Protein chains: 2
Amino acid sequence: MQNLKRSMNRLQAMELFVSAVREGSFSAAGRRVGLSPASVSRYIGELEAQLGVQLLNRSTRHLGLTDAGKIFFQRTEQVLHGIEDAEAAALSLQTAPRGTLRVHSRTLFGIKVLSLLIPGFQKLYPELKVELRLSERHALLREDEFDVDFQIQAPKDPGLMQRRLLRSERILVASPDYVRRMPKLREPEDITRHNCLTYWMGPDDVVWKFMRRNRLREIVVPSSFSSNNGVVLSDLAAAGHGIALLDDYTVAEEVKSGRLIRLLPGFRVTNSSFDEGIYAAFLQSSYLPEKIRVFLDYMAENVPKQIKRSAQ
Amino acid sequence: MQNLKRSMNRLQAMELFVSAVREGSFSAAGRRVGLSPASVSRYIGELEAQLGVQLLNRSTRHLGLTDAGKIFFQRTEQVLHGIEDAEAAALSLQTAPRGTLRVHSRTLFGIKVLSLLIPGFQKLYPELKVELRLSERHALLREDEFDVDFQIQAPKDPGLMQRRLLRSERILVASPDYVRRMPKLREPEDITRHNCLTYWMGPDDVVWKFMRRNRLREIVVPSSFSSNNGVVLSDLAAAGHGIALLDDYTVAEEVKSGRLIRLLPGFRVTNSSFDEGIYAAFLQSSYLPEKIRVFLDYMAENVPKQIKRSAQ
DNA sequence: TCGATCTTTTCAGATTCTGCAAAGGACATG
DNA sequence: CATGTCCTTTGCAGAATCTGAAAAGATCGA
């Protein structure tokens, strides 16, 4: 690999050489590509000088190829086709939904939602292969070479972009029976006199955050029971054992049927961040490959539907 | 064929893309070709912009190829090889060999043989320039960019090809006077009782190897005098000072005239390897440039003649 | 946390690229 | 033979691209 600093535009010279041979003169070639005959003459002269080979016999009426020029012409045509092919192949992968889609998600979301939706997606795009990887650990999109990772929070890595598929919030719920038996809950601070069923997040105190009119209140919550499974918490709450904080879509059916009542409806509540939902994260890119775009579009349309369907 | 007026140096961008992928970073690619990381970054960014395709996922420690980037890399490697082939093919067919021929040889062979032959060669090919470099060190054809190196042994580097210009062997010689005064030499082991004039090859013991009917005998030789100049050794031997081991063609005249007598003529003898002669080594290539071919042809015809001429 | 290495962007100077104009050549036509 | 048309080549001056340095921010490993 030699020094490339300020090197002559060799590819342009080769293109002009091929064009001059095809058109029969430097002037005609120049007219095709928007250059003057003088420029064409200079490029082809420079090409010959660098090669140290005479490619053309010039006259004002006839352009003749030397033997060396003939073989160089053939080979150069092939090279130029090779370049077009390379560009077309790359562009095709960019603009057509083809190739392999590498997707990561948490286990439960993958099993409950993605595995149900992906077959429908692949029916639409049969040339796309999908690899679905599930785990509880955070995916590294760049290093592990995933195209899309589904997360429950907006990604924080500056090199990532996200698309929100579903907006969710957390709500406080309890059974009608629990509400009748226990003191009325008017303010967030009243929660400390209640039995809370909390989501297990580690050995620390459990803090629930209440937001209303841009006023944030953080309350350390007494926890008589905790679990890392939302279904368990939902069931205990419906059975009248206490107050639980759960994602709205996970208890939509119970709230609708009246088995669970929402408490403090004027507050937004969370045990982590308010900005929650289901996000698809992907690498930032000037040119998003079509395969990723169609996948995201499909999921944006169908994940909410699938979750509603689950709630009925 | 689109407008080529002031188009970006696309070939350079492609070369840099391939180099960046191979080297693992823009900075390393730039170091190879003499450009700054900033320039490399700009070229590859421009390549992506023109294609409308993301080829690379950048981070400061890891350069990852997209799917489109992978296929573009493969195709682009082929294109670059195609360009080299086109150039080499044209060069091999040029009717008048032109350019500069860079030749290396050991000092004595260069002075005594090549300097006498090259003017005749250049009279045949006046458009060829010749650079002749002489030294005792081994030439690196690839790195030092020589076209031809004259060596006294067949080259061992697998990337080199060779053409044997002259077969030679080494012979033991002494003057008739020395032979009459000293004990008869019947076997190789008898040499240890003689005065040996040796070619200086370093501070180690001098070993002469004797081969007869596939039986090798290696003898550590007593050396009362050593020199790295064959003419000196030849003269001392002719003056009766001892036995010398010399290339046959260098003492052909003396042996013919009887001023030197060959000893142990039934043995092949050497102080290094038996496979000796004068070889022209050159880089392996699909298409041998004409300038090298005509030079080798000329030398293959004229080196043996020149050596015979010297011997008369 | 710090240091080393990396990529990206901006700026000003260096170099290449460009058409115009002039000169000369090769034909075809009258 | 003279003329016209089209061609290639070369030198010149202006336009555009290319370049590294500097600064900023990112990513690891010790």
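These numbers come from a predicted model, not from an experiment. Basis for what follows: all heavy atoms, side chains included, without hydrogens, waters or symmetry-related copies.
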Starting at CG of B:N57 and ending at P of D:dA26, how long is that distance when rounded to a whole Å? 18 Å
Kindly say if B:R31 contacts the phosphate of C:dC6, meaning a side-chain N or O under 4.0 Å from OP1 or OP2. yes
Expressed as a whole number of angstroms, how long is the span from B:Q54:CD to C:dT7:P? 14 Å
Which nucleotide in the set D:dC18, C:dT16, D:dT8 lies at the smallest distance from any side-chain heavy atom of B:Y43? D:dC18
If you count every heavy atom of other residues, nucleotides or ligands that lies below 6.0 Å from A:R133 atom CZ, does the total exceed 12? no
Most 5' of A:P37 and B:R58 on DNA chain C, judged by nearest nucleotide: B:R58
Whole-Å distance between C:dT18 C1' and A:L16 CG? 13 Å
Using a cut-off of strictly less than 4.0 Å, decide whether B:Q12 has a side-chain nitrogen or oxygen near OP1 or OP2 of D:dT17. no
Round to a whole Å and report the spacing from CZ of A:F26 to C1' of C:dT18. 17 Å
Examine D:dC6: is either OP1 or OP2 under 4.0 Å from a nitrogen or oxygen in the side chain of A:S27? Give yes or no. no
Let's see if you can work this out: which of C:dT18, C:dT16, D:dT8 has an atom nearest to the side-chain heavy atoms of A:S39? C:dT18
Can you tell which of B:I118, B:L101, B:V148 makes a side chain to side chain contact (heavy atoms under 4.5 Å, CB included) with B:L132? B:I118
With a 6.0 Å cut-off on the ring centroids, do B:F17 and B:F72 count as close? yes
Is the phosphate of D:dG20, meaning OP1 or OP2, less than 4.0 Å from a side-chain N or O of A:K5? yes
Is B:L63 touching bases, backbone alone, or none of the nucleic acid, heavy atoms closer than 4.0 Å? nothing
B:R32 bridged to B:E15 by N-O distance under 4.0 Å: no
What verdict does the salt bridge (Lys or Arg N to Asp or Glu O under 4.0 Å) test give for A:R167 and A:D248, after you've listed the backbone C-alpha separation in whole Å, the side-chain angles of each residue and the deciding distance to 0.1 Å? CA-CA 10 Å; A:R167 183 187 300 267; A:D248 53 359; over 6 Å; no
A quick test of your reading: do over 12 heavy atoms of other residues, nucleotides or ligands sit less than 6.0 Å from CZ of A:R164? yes
Protein-nucleotide distance (B:E46, atom CD; C:dT8, atom P), rounded to Å: 13 Å
Can you check the A:E23 CD to D:dC7 P distance for me, whole Å? 11 Å
Once each nucleotide of nucleotides 20-25 of chain C is scored for protein heavy atoms under 4.0 Å, what B/S/- sequence comes out, 5' to 3'? B---BB
In whole Å, I'd like the distance from the CE atom of B:M8 to the C1' atom of D:dA15. 19 Å
Would you tell me if any nitrogen or oxygen in the side chain of A:R6 comes within less than 4.0 Å of OP1 or OP2 on C:dA14? no
Under 3.5 Å, is there a donor-acceptor pair between the side chain of A:D85 and the main chain of B:R75? no
Can you give me the closest heavy-atom contact between A:P97 and A:V294, atom names plus distance? CB-CG2, 3.9 Å
Pairwise 5' ranking along DNA chain D for B:H62 and B:N9, keeping only the more 5' one: B:N9
Could you state the atom-to-atom distance from CD1 of A:I44 to P of C:dT18 in whole Å? 13 Å
